[in-house]
Amino acid sequence: MANADYETHEHDVIVIGAGGAGLRAAIEAAAQGVSVGLVCKSLLGKAHTVMAEGGIAAALGNVWPEDNWQVHFRDTMRGGKMLNNWRMAQLHAQEAPERVLELERWGALFDRTKDGRILQRDFGGHRYARLAHVGDRTGLEMIRTLQYHGIHQGIDVYMECTIARLLKDGERVSGAVGYWRPHGKVVLFKAKAIVLATGGIGKAWKITSNSWEYTGDGHALALWAGADLIDMEFVQFHPTGMVWPPSVRGILVTEGVRGDGGMLKNNQGERFMFNYIPEFFKGETADNEEEADRWYDDKRNNRRTPDLLPRDEVARAINAEMKAGRGSPHGGVYLDIASRRTADYIRKRLPSMYHQFKELAGVDITKEPMEVGPTCHYVMGGVRVDADSTAATVPGLFAAGEVAGGMHGSNRLGGNSLSDLLVFGRRAGLHAALYAKDFGGALTVDAGQVDAVARELVEPLARVGGENPYAIQADLQETMQSLVGLIRTERELEEALRKLEALKARAKRVRVEGGRTYNPGWHTALDLRSLLAVAECCALAALERKESRGGHTRDDHPYTDDQWGKVNVVLRLKNGTLQLSREPLPEMPGELRALFQERK
Amino acid sequence: MPTFTMRIFRGDTARGEFRDYRVEAEEGMVVLDVIHRVQATQAPDLAVRWNCKAGKCGSCSAEVDGRPRLMCMTRMELFSEREPVTVAPIRAFPLIRDLVTDVSFNFEKAKTIPPLRLKPPEPDGTYRMMQEDIDRIQEFHKCIECFLCQDVCHVIRDHEENKRAFAGPRVFIKVASLEMHPLDTRDRTEFVRATASVGLCNITKCCTEVCPEGIHITDNAIIPLKERMADSFDPIVWLLRKFRGQTTQPA
Amino acid sequence: MNGHAVSQARPPIAAAHLRKDTWWALPLAVVGVLTSFIVYSTWAALQNAHYFVAPYLSPFYSPCLSKSCLHLTLGRGLPEFTVPIIGVVSPALLILWGPALFRLTCYYYRKAYYRSFWLAPVACAVRDVKAGYTGETRFPLILQNFHRYAWYVAVVFIVFLTWDAILAFRFPDGFGIGVGTLVMWLNVILLAGYTFSCHSCRHICGGHVDVFSKSPTRYTLWHVISRLNERHPMYAWLSLGSVGLTDLYIRLVSMGVIRDLRLL
Ligand SMILES: Cc1cc2nc3c(=O)[nH]c(=O)nc-3n(C[C@H](O)[C@H](O)[C@H](O)COP(=O)(O)OP(=O)(O)OC[C@H]3O[C@@H](n4cnc5c(N)ncnc54)[C@H](O)[C@@H]3O)c2cc1C
Ligand code: SF4
Ligand code: SF4
Ligand code: FES
Ligand code: FES
């Protein structure tokens with residue numbers, strides 16, 4: 001029994017990831033009375049969710065009583081260019097309001113309307129002001145609320161612990177192996193059910209709003225365990241990241257700036273978004289500045305400003321302006337809120353943007369425009385799950401949050417992630433707990449599997465000579481940035497795949513200095529495996545999809561193709577090789593389809 | 001490009017020393033960028049904690065030239081090239097390695113806080129709160145848990161023995177946010193006095209001075225908590241309460 | 001639960017601090033200013049002379065209670081208070097305990113003297129000088145929590161001083177305004193600013209309320225006091241200065257060193 005060699009913890013449900021999705025899952029599972037362990041790579045409360053700014057989308061109808069789940073559902077599907085899993089989009093739109101109100105009952109303090117209800121703000125692609133928010137630090141409010149609610153629910157938290165591999169007992173998952181980042185020792189978790197809530201993959205790009213944690217671990221863990229990934233070609237480049245100074249390039253500028261009145265301008269001072277309104281959104285978008293300006297105060301009689309088109313559209317437009325030489329000095333465009341709103345308004349609504357620009361760029365956004373450009377932000381693709389239960393294709397494995405695929409289709413609307421985390425985090429916790437309760441028989445883990453992982457973990461420490469992990473990571477980011485970025489072509493994608501092969505070979509020779517105690521070089525080396533796996537999945541899927549849709553733009557296939565609108569690109573490992581297939585989307589029932597006909 | 005001498009603490013609890021690294025810094029760089037540059041080029045195993053690089057997650061706390069700060073929000077322009085810039089781990093907590101410390105003290109203390117106990121909803125089943133009811137506690141909710149306030153607080157920084165009794169400023173703002181929560185029904189004054197030992201704080205305001213979120217920890221949270229505690233033995237307040245028939249439930 | 005516990009030891013850094021700035025300047029200045037004030041006010045209080053020149057009364061001697069008092073605050077006045085050996089006790093000593101206690105227990109002054117006199121801590125991230133520390137948990141410092149009673153007293157003093165300032169318009173030849181009148185008014189205003197920006201005041205007047213929207217008056221009051229409270233340290237120093245200087249002004253005029261300029 002080799003297990004005795006490792007520190008071992010046993011739980012009914014193990015949740016990997018302590019962002020919004022993971023915390024919500026753990027809380028729900030604990031409420032079902034099962035024993036829950038929550039594992040995360042960084043300290044509790046530091047997950048990506050803490051960085052979310054703009055808000056949580058939920059059709060509460062507090063500001064616009066016309067709003068309801070059907071409208072939200074329709075916006076979500078249209079934003080995702082109809083590639084979303086309709087059932088997920090439906091559950092999301094229906095359950096989000098209750099999840100938000102629940103947060104409030106757990107102590108969250110959203111900004112208020114005059115009559116004491118939750119205030120909602122405008123965001124791209126949402127027909128009505130729909131985002132519950134707290135200034136521009138909504139994610140912070142959400143994660144703290146969940147964190148402090150969670151610590152009283154009897155959940156065991158394992159922080160700064162990285163899961164390296166899932167374990168399987170036959171077909172189903174039976175546990176996970178990881179290591180403690182502080183002292184580097186291997187730890188074994190046995191579990192009847194596992195929830196993946198590890199977030200995204202954005203660290204594979206150079207210019208990104210994502211942190212070191214976003215190395216696609218959950219995607220890779222699922223893939224390695226035999227689960228399906230879908231939609232991996234769809235990566236969202238947020239239109240507004242900081243571009244200057246160089247060291248902060250990529251840091252996010254919330255869409256809330258535009259929601260609250262910010263306008264995009266080129267170096268001629270022109271509001272260029274009016275030139276980029278796609279056919280698909282013509283009916284609902286203002287085509288002149290006067291109407292767009294009126295829309296902020298009167299949404300009934302005016303169409304929305306094109307500054308708030310879905311993110312993929314805006315990102316492409318900015319890219320085109322920059323290419324045409326109409327960009328700002330540091331390679332971006334201008335985002336101007338100072339000329340529309342008062343300094344007090346800006347400081348009250350966007351305090352952390354104000355602070356961020358002031359401190360990091362020396363720019364006072366109440367007086368000057370910001371310089372912004374696209375930054376890698378979010379991956380729509382992920383683990384293929386059953387909409388109602390979030391079950392992955394491997395028994396006992398569940399996934400929720402950014403790591404799960406399908407909900408957002410080809411493009412995510414701002415604010416739909418935080419609500420996604422709550423709705424599907426809860427469902428994942430619930431169904432994982434139910435699965436664990438139903439679980440018959442004994443829980444066994446294969447000692448051989450554990451030993452193999454443990455050996456693999458320490459290999460980079462033992463090698464001599466070899467490659468620097470930071471250099472490989474930087475080359476990988478460079479490759480993805482230049483070849484699998486916002487605009488893609490077949491030639492470049494093929495080149496990317498060749499380069500990725502070479503990087504994989506280099507990664508096999510990676511060597512780190514120092515020991516196992518909190519050694520970031522070692523952690524970076526280990527994260528390379530998942531980072532390379534997701535990068536390859538993304539490039540492969542992007543090569544496969546020969547059309548442009550949402551977060552996937554092919555210069556050599558610039559149009560949206562209806563045939564491609566009916567399939568997902570699915571990736572899975574079969575006998576150690578990555579296989580790719582096109583599989584049909586689930587069919588939307590008639591009554592929901594009707595929602596798209598009754599257009600005004 | 002200016003070149004700085006970074007005097008970085010390296011080592012563990014057994015052995016540790018400050019080591020000098022020469023690093024070039026481009027315009028706009030922050031201390032964390034420079035540390036990362038050292039890591040990528042000269043000391044690959046240099047341990048440092050960070051996540052967001054934008055002052056939002058509170059991971060990158062350290063002491064730069066002796067002052068507790070977020071490394072990601074400290075611009076190199078603040079320093080002179082002529083003198084070394086010292087970067088030390090936050091010193092109030094056990095060291096793990098280099099710039100990383102074990103901050104579990106703070107998570108343990110957080111668990112002791114009596115949680116929200118909700119009022120019954122309005123007759124229509126909803127909860128209402130006005131903006132003016134929450135303005136004051138929204139300030140406390142800005143906390144990013146960087147624990148710089150906990151680090152600088154001399155009560156525990158300079159007197160390890162107080163760690164058992166004293167909860168620290170971060171905990172006080174959390175308690176204050178619950179105490180002043182318009183939907184809460186719990187009375188935490190006894191917790192504040194006995195379990196969290198607010199009496200150990202001598203309101204010298206270092207926590208407020210270092211808070212990167214600019215939260216007025218002392219003025220808006222700790223002193224009001226001390227005042228609420230004083231209410232519990234103020235006969236005038238007691239009489240007024242009796243008179244108005246107010247009741248509170250202890251934690 | 002976590003895997004940290006690598007050790008319980010802190011970073012092995014011996015230096016008491018690593019600051020490079022002039023962190024000692026501020027506490028030093030505080031020591032200087034507070035010491036000078038204490039010395040001057042004690043001396044002035046012991047004088048029992050030159051505290052009145054019509055129509056001005058030094059704030060150190062207000063309210064003027066004793067029979068020998070030259071001022072008209074309280075009609076007839078109380079009998080002289082004499083102590084064997086010491087003789088006549090300066091009325092200032094009967095008065096000053098009030099404002100003194102108020103300032104002594106003031107949250108802001110506590111910060112100031114804990115830092116600069118107690119050296120706990122002398123500056124942030126600079127090691128405490130003394131090894132042991134019990135804060136305000138024991139006698140006598142636990143009594144600091146009674147600051148609000150000192151505040152009640154201080155409010156009474158504001159009433160007296162305002163009365164004095166009103167009387168400062170009443171010159172022997174009728175209504176008038178002199179530089180001294182302005183000085184006394186400025187002093188009252190600054191003292192009121194200090195007293196009504198007090199943390200206890202902020203709490204008593206509204207800070208204790210949890211649901212502001214249900215108590216609009218107290219909310220407004222709290223809101224206004226909170227604005228003032230942000231400047232409490234400023235009022236603390238300015239009013240300290242103004243009390244001392246008002247006394248000095250009146251003292252010098254009464255001694256005939258300077259002449260009060262009559263403006264109206
Ligand atoms: C700057 C920024 C602003 C944003 N603003 C908004 C917004 O306004 N509205 C909105 O809806 N969305 C927004 N988003 C997107 C949204 O915040 C994220 O998609 C969402 O928070 C992801 O949550 P999650 O729970 O899936 O994962 P995360 O919150 O990222 O949590 C991932 C967790 O998994 C853990 N983990 C990862 N790998 C491992 C491993 N191998 N072993 C153990 N643990 C692991 C991590 O430690 C972490 O705890 C924003 C994103 C960013 C970056
Ligand atoms: S004010 Fe109190 S809590 Fe804050 S640092 Fe000083 S002693 Fe610590
Ligand atoms: S109160 Fe301020 S200093 Fe303390 S942990 Fe929170 S953000 Fe950091
Ligand atoms: S890295 Fe997040 S606060 Fe510095
Ligand atoms: S007088 Fe300073 S706090 Fe009361």
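Please read all numbers here as calculations on a predicted model, not as lab measurements.
- For a residue to count as touching a neighbouring chain, one of its non-hydrogen atoms must lie under 4.5 Å from one of that chain's; by this rule B/Met129 does not touch chain C.
- Most heavy-atom pairs under 4.5 Å with chain C: of the set B/Met130, B/Glu179, B/Arg157, this distinction falls to B/Arg157.
- Taking the six-membered ring for Trp and thresholds of 30 and 60 degrees, C/His232 and C/Tyr194 have nearly parallel ring planes, at less than 30 degrees apart.
- With a threshold of 4.5 angstrom between heavy atoms, C/Tyr152 approaches chain B through side-chain atoms but not through N, CA, C or O.
- Close placement of the C/Trp237 and C/Tyr109 rings is indicated, their centers lying within 6.0 Å of each other.
- B/Asn220 touches chain C through backbone and side chain together, each having a heavy atom under 4.5 Å away.
- Salt bridge status for B/Glu190 with B/Arg228: absent, with no side-chain N to carboxylate O gap under 4.0 Å.
- For the pair B/Asp231 and C/Arg148, the salt-bridge criterion is met [side-chain N within less than 4.0 Å of a carboxylate O].
- The residue among B/Ala92, B/Pro182, B/Pro89 with the most heavy atom pairs within less than 4.5 Å of chain C is B/Ala92.
- Under the 4.0 Å criterion applied to side-chain N and carboxylate O atoms, B/Lys205 and B/Asp219 are assigned as salt-bridge partners.
- Residue contact with chain B, scored on non-hydrogen atoms closer than 4.5 Å, involves the backbone and the side chain of C/Tyr133 alike.
- In this structure, chain B has a heavy atom under 4.5 Å from the side chain of C/Phe146, while its backbone stays farther away.
- Residue contact with chain B, scored on non-hydrogen atoms closer than 4.5 Å, is absent for C/Ala112.
- Contacts between B/Ile134 and chain C at a heavy-atom distance below 4.5 Å are absent for every atom of the residue.
- Comparing C/Val209, C/Val126, C/Ile142 by how many heavy-atom pairs each has under 4.5 Å with chain B, the most go to C/Val209.
- The part of C/His203 that comes within reach of chain B is its side chain, from C-beta onward, which places non-hydrogen atoms under 4.5 angstrom from that chain.
- Proximity to chain C (any heavy atom under 4.5 Å) is shown, for B/Glu17, by neither the backbone nor the side chain.
- Under 4.0 Å is where a charged nitrogen must lie from a carboxylate oxygen, and between B/Asp65 and C/Arg19 no such pair does.
- Contacts with chain C were tallied for B/Asn202, B/Val198, B/Val64; B/Asn202 has the most, counting heavy-atom pairs under 4.5 Å.
- Among C/Arg10, C/Glu136, C/Lys20, the residue with the largest count of heavy-atom pairs under 4.5 Å with chain B is C/Arg10.
- The most heavy-atom pairs under 4.5 Å with chain B, out of C/Ala125, C/Ala15, C/Gly135, come from C/Ala125.
- Looking at C/Arg202, the atoms closer than 4.5 Å to chain B (heavy atoms on both sides) all sit in the side chain, from C-beta outward.
- Most heavy-atom pairs under 4.5 Å with chain C: of the set B/Ala14, B/Cys207, B/Ala165, B/Cys206, this distinction falls to B/Cys206.
- Note on B/Ile236, B/Ile223, B/Val100: by heavy-atom pairs under 4.5 Å with chain C, the leading option is B/Ile223.
- Interface residue B/Val85: only backbone heavy atoms are found under 4.5 Å from chain C.
- Under a 4.0 Å N-O distance rule, the pair B/Asp184/B/Arg186 does not qualify as a salt bridge.
- Surrounding NZ of B/Lys119 are more than 12 heavy atoms belonging to other residues, nucleotides or ligands, all under 6.0 Å away.
- Counting only distance, with no hydrogens or angles, the side chain of B/Glu227 and the backbone of C/His199 share no donor-acceptor pair below 3.5 Å.
- A salt bridge does not link B/Arg97 to B/Asp12: none of the charged nitrogens lies less than 4.0 Å from a carboxylate oxygen.
- For B/Phe9, the part lying under 4.5 angstrom from a heavy atom of chain C is the side chain only.
- The closest donor-acceptor contact from the side chain of B/Arg188 to the backbone of B/Val175 lies at 3.5 Å or more, if one exists at all.
- Ranked by heavy-atom pairs shorter than 4.5 Å toward chain C, the options B/Arg128, B/His181, B/Glu160 are led by B/Glu160.
- Salt bridge B/Glu161/B/Arg164: absent, no basic N to carboxylate O contact under 4.0 Å.
- A salt bridge does not link B/Glu63 to B/Arg7: none of the charged nitrogens lies less than 4.0 Å from a carboxylate oxygen.
- By number of non-hydrogen pairs under 4.5 angstrom with chain B, the leading residue of C/Trp23, C/Trp118, C/Tyr219, C/Tyr108 is C/Tyr219.
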